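This report refers to the structure that appears directly beneath it.
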Amino acid sequence: MSRTVHSYPFGPAVGMELHPKYAELRRTEPVARVRMPYGGEGWLVTRYADAKVVLTDPRFSMAEGAGKDIPRATEVPPEPGGLLALDPPEHSRLRKLLAKAFTARRIEAARPAVTALVNELVDDMLAKGSPADLRTHLALPLPMTVISDMLGVPHEDQALFGVFADTLMSAGRYTPAEIENATNDFMAYLADLVAQRRENPTDDVLGALVQARDDTDRLSEHELLVLAGGLLVGGHETTANHIGNFVYLLLEDRSRYEAIIADPGLIPAVVDELLRFAPLTTMSGFTRIATEDVQLGDVTVRAGEGVVLSFAVPNRDEEVFPDPERVDFHRERNPHLGLGHGVHHCLGAQLARMELQVTLRVLAERLPDLRLAVAPAELRWKTGMLVRGLEELPVLW
């Protein structure tokens with residue numbers, strides 16, 4: 001049977017909206033053939049049930065696409081050696097090295113320090129006066145500082161990995177040459193930090209990775225650098241954008257913000273509902289390659305073919321989430337995929353949740369009059385990027 005090949009993405013990402021083509025395909029063609037911006041054609045999955053299969057079935061491999069010209073949304077193929085370019089058992093080995101730094105107990109123990117940091121950043125924003133850009137004053141520096149402290153990266157170097165994160169998340173904004181140059185510069189910077197720790201061992205996460213490289217677990221040097229870079233980028237880029245996007249959604253319909261002012265105990269549920277509702281990416285994320293023929297609905301995905309999905313799309317599946325286009329802080333059940341699923345479930349999920357919860361709690365307590373400084377239609381959203389977020393978030397109080 002001949003199938004329509006849809007050109008992907010379907011159109012520019014607009015704010016927190018999903019292109020209506022996703023919902024149409026979920027109803028009529030839940031596993032659809034698409035032509036990706038780079039690497040040719042693949043399959044796009046839009047139903048929740050199919051997404052969970054792709055995320056958990058070991059026949060869909062992340063490692064098979066590493067370093068190869070596969071169907072994808074980004075200019076350059078995924079870098080081999082990182083957690084998102086590996087399958088078990090190699091993935092399990094590296095994840096185990098890092099997991100102890102992100103346990104629920106350790107993250108909860110860090111909550112007071114993160115709360116103090118958010119209050120300090122809010123103090124600085126208040127001192128500079130209203131209006132202010134909440135992205136510059138809070139959304140960016142909070143996760144940057146937290147992940148820098150965990151890895152042991154000097155605060156004065158944060159701007160360097162901020163530039164690298166921008167290029168890594170490019171979906172048309174930067175050329176392959178610019179991405180390669182930024183990557184080389186960043187790897188050289190990380191190699192210098194590693195050399196410092198070999199000379200003077202530290203007890204931070206980067207120090208532990210260096211010890212693992214040189215001790216029993218035998219990380220390769222490339223694995224060490226890619227893991228460290230991935231932690232720095234993943235530890236701040238996603239959370240920074242989510243802070244801005246969440247605050248935007250709360251202030252765009254201010255009854256949502258008033259709900260957490262009235263009942264701060266609602267905040268964990270608010271964070272999870274916004275993780276479900278708020279699209280983190282402008283299009284699909286990492287491609288998985290079928291290692292053998294797999295049946296998905298009425299489609300046979302052939303060995304060697306690529307499958308892509310955007311987590312926000314199955315999170316709007318009405319068969320799982322009643323009235324999915326409505327933000328509902330009182331959902332009885334919310335098994336969203338906002339932080340991934342399966343072996344590649346976000347390593348820093350507990351940390352991201354905690355940072356988001358703390359940020360919303362401090363804002364609700366200290367800035368009950370917080371509101372957007374401009375009309376929602378006047379806000380500028382990033383373009384040419386894989387991650388969805390605001391260029392700035394001007395607010396008043």
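Just the heavy atoms: all of them, side chains too, but no hydrogens, waters or symmetry mates, feed the values below. Just so it is clear, the structure is predicted and the values come from calculations on it, not from any experiment.
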Side-chain touch [X]/[Y], heavy atoms, less than 4.5 angstrom:
X    : Y    : value
T183 : I179 : yes
V313 : L309 : no
P279 : L18  : yes
I289 : M62  : no
L249 : D253 : no
Y48  : E318 : no
V114 : T359 : no
F311 : L280 : no

When you look at CG of D203, are more than 12 heavy atoms from neighbouring residues, nucleotides or ligands closer to it than 6.0 Å?
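Counting neighbours around CG of D203, 12 or fewer heavy atoms of other residues, nucleotides or ligands fall under 6.0 Å, so no.
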Under 6.0 Å from the CD atom of E199, do we count more than 12 heavy atoms belonging to anything else shown?
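It does not: E199 CD has 12 such atoms or fewer within range.
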Indicate whether the side chain of [X] and that of [Y] have a donor and an acceptor atom separated by less than 3.5 Å.
X    : Y    : result
H137 : D124 : no
S61  : D87  : yes
E237 : N241 : yes

Taking [Y]'s backbone N and O only, do any of them form a donor-acceptor pair with [X]'s side chain (distance below 3.5 Å, no angle check)?
X    : Y    : answer
K100 : K96  : no
R256 : F329 : no
Y257 : R371 : no
D317 : T46  : no
R366 : N119 : yes
R26  : K21  : no
T74  : V76  : yes
E305 : R302 : yes
E17  : V14  : no
R95  : L98  : no

Given L134, I261, L250, the one that forms side-chain contact (heavy atoms from CB on, under 4.5 Å) with L363:
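The option that passes is L134.
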Is [Y] reachable from [X] through a run of I, L, V, M, F, W or Y residues, each pair having side-chain heavy atoms under 4.5 Å apart?
X    : Y    : value
L126 : L140 : no
M150 : L83  : yes
L367 : V247 : yes
V194 : I147 : yes
Y8   : F286 : no

Under the salt bridge (charged side-chain N to carboxylate O under 4.0 Å, His left out) criterion, do R111 and E108 qualify, and how do the steps go?
CA-CA 5 Å; R111 188 181 291 264; E108 198 54 37; 2.7 Å; yes
Does a side-chain N-to-carboxylate-O contact under 4.0 Å join [X] and [Y]?
X    : Y    : value
K68  : E64  : yes
D293 : R59  : no
R331 : D272 : no
K128 : D133 : no
E41  : R35  : yes
R135 : E391 : no

Ring centres under 6.0 angstrom apart (F60, W43):
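Ring-ring flag for F60/W43: false, centres at least 6.0 Å apart.
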Between Y248 and F246, is the gap from one ring center to the other below 6.0 Å?
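No - the distance between ring centres of Y248 and F246 does not fall below the 6.0 Å cut-off.
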Please give me the minimum heavy-atom distance between P368 and R254, naming the atom from each residue.
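For P368 and R254, the tightest heavy-atom pair comes out as O-NH2, 2.6 Å.
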Within this structure, what is the [atom1]-[atom2] distance for the pair [X] and [Y], rounded to the nearest 0.5 Å?
X    : Y    : atom1 : atom2 : result
L225 : M187 : CG    : CE    : 6.0 Å
L360 : I260 : CG    : CD1   : 5.0 Å
L356 : L275 : CG    : CG    : 6.0 Å
L390 : R380 : CG    : CZ    : 9.5 Å
L351 : T239 : CG    : OG1   : 6.5 Å
R288 : I70  : CZ    : CD1   : 10.5 Å

Before giving the answer on side-chain hydrogen bond (donor to acceptor under 3.5 Å, both in side chains), spell out for H6 and E29 the whole-Å C-alpha distance, their side-chain angles and the decisive distance to 0.1 Å.
CA-CA 11 Å; H6 306 273; E29 199 180 351; 3.0 Å; yes
Could you go through the side-chain hydrogen bond (donor to acceptor under 3.5 Å, both in side chains) check for Q196 and N200 one step at a time?
CA-CA 6 Å; Q196 294 174 28; N200 298 295; over 6 Å; no
side-chain contact (heavy atoms from CB on, under 4.5 Å) between V31 and D50, intermediate numbers included
CA-CA 8 Å; V31 183; D50 293 331; 3.8 Å; yes
Residue pair V153, D204: steps toward the side-chain contact (heavy atoms from CB on, under 4.5 Å) verdict:
CA-CA 9 Å; V153 173; D204 50 46; over 6 Å; no
Test salt bridge (charged side-chain N to carboxylate O under 4.0 Å, His left out) on E221 and R198 and set out the steps.
CA-CA 12 Å; E221 195 75 6; R198 285 206 172 100; 2.9 Å; yes
Begin from the C-alpha positions of Q350 and R106 and carry the test side-chain hydrogen bond (donor to acceptor under 3.5 Å, both in side chains) through to its verdict.
CA-CA 10 Å; Q350 298 277 10; R106 291 193 69 166; over 6 Å; no
With E355, which residues qualify under salt bridge (charged side-chain N to carboxylate O under 4.0 Å, His left out), at least two apart?
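In terms of salt bridge (charged side-chain N to carboxylate O under 4.0 Å, His left out), with neighbours along the sequence ignored, E355 is linked to no residue.
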If the plane angle is over 60° it's perpendicular, under 30° parallel, otherwise tilted; pick one for H19 and F10.
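H19 and F10: tilted rings.
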Output, in order, the C-alpha distance, side-chain angles, deciding distance and verdict of side-chain contact (heavy atoms from CB on, under 4.5 Å) for T282 and M385.
CA-CA 7 Å; T282 55; M385 301 292 286; 5.6 Å; no
Got a sec, which pairs hit ring pair (Phe, Tyr, Trp, His ring centres under 6.0 Å) with one end in residues 62-118, sequence neighbours left out?
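Only H91-H344 qualify under ring pair (Phe, Tyr, Trp, His ring centres under 6.0 Å).
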NZ or CZ of R276 within 45° of F321 ring axis and under 6.0 Å:
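Pair R276/F321 counts as cation-pi.
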